Amino acid sequence: MKVKTQTLLNDCYGKYALAAINVFTMEQVLAVFEAAEKAESPVIIQTTPVAREYAGAEMILSMIATASRMFPKVVYSLHLDHGNEPHIEAALDSGQYSSVMIDASHDIFSTDVKRTSEVVRKAHALGIPVEAELGVLSGIEDDMEIEDSLAKYTKPEEVLDFVTKTKCDSLAIAVGTSHGAYKFSGNQGIRFDILEKIQSLLPRFPLVLHGGSSVNQNEVQRINKFGGNIKTGSRGVSDEEIKQAIQLGVCKVNIATDLRVLWTGVHREFFHQKPDLFDPIIPGKIYRNELIETILRKFDLLGSTGKAKNFN
Ligand code: 13P
């Protein structure tokens, strides 16, 4: 059952968070739905513009729609992640998205306000909620790389003005996480001092944590053991950080890297151990099953397991 993203976000504030999972392939689409059905967990399925280009927008949207018919009990919403105006227009025209994100965070404040407000006006006219972003995350997201030196924490003193002016429905904030496999090293971690200030200025307003992957170090070791060369010595977002962030108003946790790292680990191990095989469906099945387990653990961590009943 597809529902408005805002319906999901309103239910979870301060209690649990939604996994917002980026999908690119058929195996990922099926694993998300299968895990959500098993856990009776609501879920947000996300497509980035690159996902729409890779499979073709029609193909990825058809896969999601088909999966929702195969798993009719699953409560989900479909979100456009990191859109710009043309992507958002295409998503709104398709009539299939439950929410869109305008990422104008790389612009100066006034331009971010202007671009976001315009998108909000168009999306709200169609009853579609909008996620906006204030502050800049570093790291690699699909085809875009932002250097650490260009990352900027969200300034708490700007958030109320931004939300009031743009009328956005949820806000992605930059509190130290980054996209990709290399998030924190040394003593780095989520800046809870910033997050706390933001929440106190925007009470009950849904906040979004981009860069929410945990980057399982066992998975990194598996990749490197079987011929990969992923840098070690940094970490993703810890379980404790996720739990604390939920208490401070984070309702949506974006996850893409954990799916990719798992894919790489499964396939590197498989083809290393079975160098004579060449059939994609054998490792494909292993990936799908391991991904289901990974997503089930995410639902437990975020506290969304069993919450689908809140929407019936
Ligand atoms: P990760 O790279 O931590 O998975 O974050 C993904 C994300 O924020 C997508 O918008």
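Positions are given from 1 along the sequence. Numbering of ligands and ligand atoms starts at 1, following listing order. From a predicted model like this one, the values you see are computed outputs, not experimental measurements.
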Check ligand 1 against [X] and write out every atom of the ligand that is under 4.0 Å from a heavy-atom position of the residue.
X	result
His82	10 (O)
Asn22	9 (C)
Gly180	2 (O)
Ile255	4 (O)
Gly211	1 (P), 3 (O), 5 (O), 7 (C), 8 (O)
Asp81	9 (C), 10 (O)
Lys183	1 (P), 2 (O), 3 (O)
Asn254	5 (O), 6 (C), 7 (C), 8 (O), 9 (C), 10 (O)

Exercise: identify the closest heavy-atom pair between Ser77 and Val3: CB-O, 3.1 Å

Please classify the Thr257 to ligand 1 contact at 4.0 Å (heavy-atom distances, strictly less than): side chain, backbone, both or neither. both

Return all side-chain donor-acceptor pairs below 3.5 angstrom for residues 261-276, not counting sequence neighbours, or 'none' if the list is empty.
{"unit_1": "Thr264", "atom_1": "OG1", "unit_2": "Arg260", "atom_2": "O", "d": "2.9"}
{"unit_1": "His267", "atom_1": "ND1", "unit_2": "Trp263", "atom_2": "O", "d": "2.7"}
{"unit_1": "Glu269", "atom_1": "OE1", "unit_2": "Arg222", "atom_2": "NH1", "d": "2.7"}

I'd like to know if Glu158 and Lys165 make a salt bridge, using a cut-off of under 4.0 Å between side-chain N and carboxylate O.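 Not counted as a salt bridge, because no side-chain N and carboxylate O are separated by less than 4.0 Å.
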
So, His82 versus His210, ring centres under 6.0 angstrom or not?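 Ring centres of His210 and His82 closer than 6.0 Å.
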
Would you say the side-chain atoms of Ser94 pair up with the backbone N or O of Gln96, donor to acceptor, closer than 3.5 Å?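 Side chain of Ser94 to backbone of Gln96, a donor-acceptor pair under 3.5 Å: yes, one is there.
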
Is it true that a side-chain atom of Lys183 and a backbone atom of Ser178 form a donor plus acceptor pair closer than 3.5 Å?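 At least one qualifying donor-acceptor pair exists.
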
Return yes or no for this condition: an N or O of Asp258 is under 3.5 Å from an N or O of ligand 1.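 It does not: no N or O of Asp258 is found under 3.5 Å from an N or O of ligand 1.
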
Sequence neighbours excluded, which residues qualify as salt bridge (Lys or Arg N to Asp or Glu O under 4.0 Å) partners of Glu89? none

